[in-house]
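Have a look at the structure below, then the notes.
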Amino acid sequence: PDTVQAAQRMAALNPLIRAEAYDVNHFPALRERYNVMSVPCIVVDNGETIAFGRKTARQLLELIG
């Protein structure tokens with residue numbers, strides 16, 4: 001929840017950022033497409049960068065930076 005909230009807050013403040021949250025149990029195609037091994041799974045630029053585990057807002061900024 002913390003990672004999702006941070007991503008959504010960033011998206012609300014910056015029109016160049018989009019944040020979406022999915023339950024991969026309901027979207028197995030996404031789980032397979034991005035090889036999701038654990039959650040949270042952060043996908044940046046359609047899979048250019050993929051990271052796993054809880055992230056702070058600062059860490060999210062580093063991922064998209």
Side-chain angles (χ1 to χ4, degrees):
D2 294 337
T3 301
V4 172
Q5 284 181 331
Q8 290 177 339
R9 187 174 311 120
M10 290 167 53
L13 295 171
N14 186 329
L16 299 176
I17 298 173
R18 187 177 81 200
E20 298 175 7
Y22 297 93
D23 182 335
V24 291
N25 290 318
H26 297 286
F27 295 91
L30 288 176
R31 181 178 55 232
E32 291 175 21
R33 179 178 177 182
Y34 297 112
N35 295 319
V36 177
M37 296 175 273
S38 64
V39 293
C41 174
I42 299 98
V43 178
V44 180
D45 291 333
N46 293 316
E48 291 292 320
T49 301
I50 298 176
F52 297 95
R54 183 177 175 198
K55 303 286 184 241
T56 64
R58 178 172 292 237
Q59 291 169 319
L60 289 172
L61 285 171
E62 290 172 4
L63 285 173
I64 65 173

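Everything numeric in this text was worked out from a predicted model, so none of it was measured.
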Distance-minimising heavy-atom pair for Leu60 and Ala7: CD1-N, 3.7 Å

CD/Glu20: more than 12 non-hydrogen atoms of other groups inside 6.0 Å: yes

Could you tell me whether the side chain of Gln59 reaches within less than 4.5 Å of the side chain of Ile42, counting heavy atoms only? no

Please report the shortest heavy-atom distance between Thr3 and Arg54, naming the atom on each side. OG1-CA, 3.4 Å

Would you please test Arg31 and Asn25 for side chain to side chain contact (heavy atoms under 4.5 Å, CB included) and show each step? CA-CA 8 Å; Arg31 181 178 55 232; Asn25 290 318; 3.9 Å; yes

Spatial distance of atom CD (Glu32) from atom CG (Leu30) [nearest 0.5 Å]: 9.5 Å

So if you build clusters from Ile, Leu, Val, Met, Phe, Trp, Tyr with side-chain heavy-atom gaps below 4.5 Å, do Met37 and Val39 land together? yes

Gap separating the OG1 atom of Thr56 from the CD atom of Glu62, nearest 0.5 angstrom: 7.0 Å

Can you check whether Val44 reaches Ile50 side chain to side chain, under 4.5 Å on heavy atoms? no

Transitive ILVMFWY side-chain link Val43 to Phe27, under 4.5 Å: yes

For the residue pair Ile64 and Met10, establish whether any side-chain heavy-atom pair is separated by less than 4.5 Å. yes

Looking at OH of Tyr34 and OH of Tyr22, how far apart are the two atoms once the value is rounded to the nearest 0.5 Å? 9.0 Å

Return the OG to CZ distance between Ser38 and Phe52, rounded to the nearest 0.5 Å. 5.5 Å

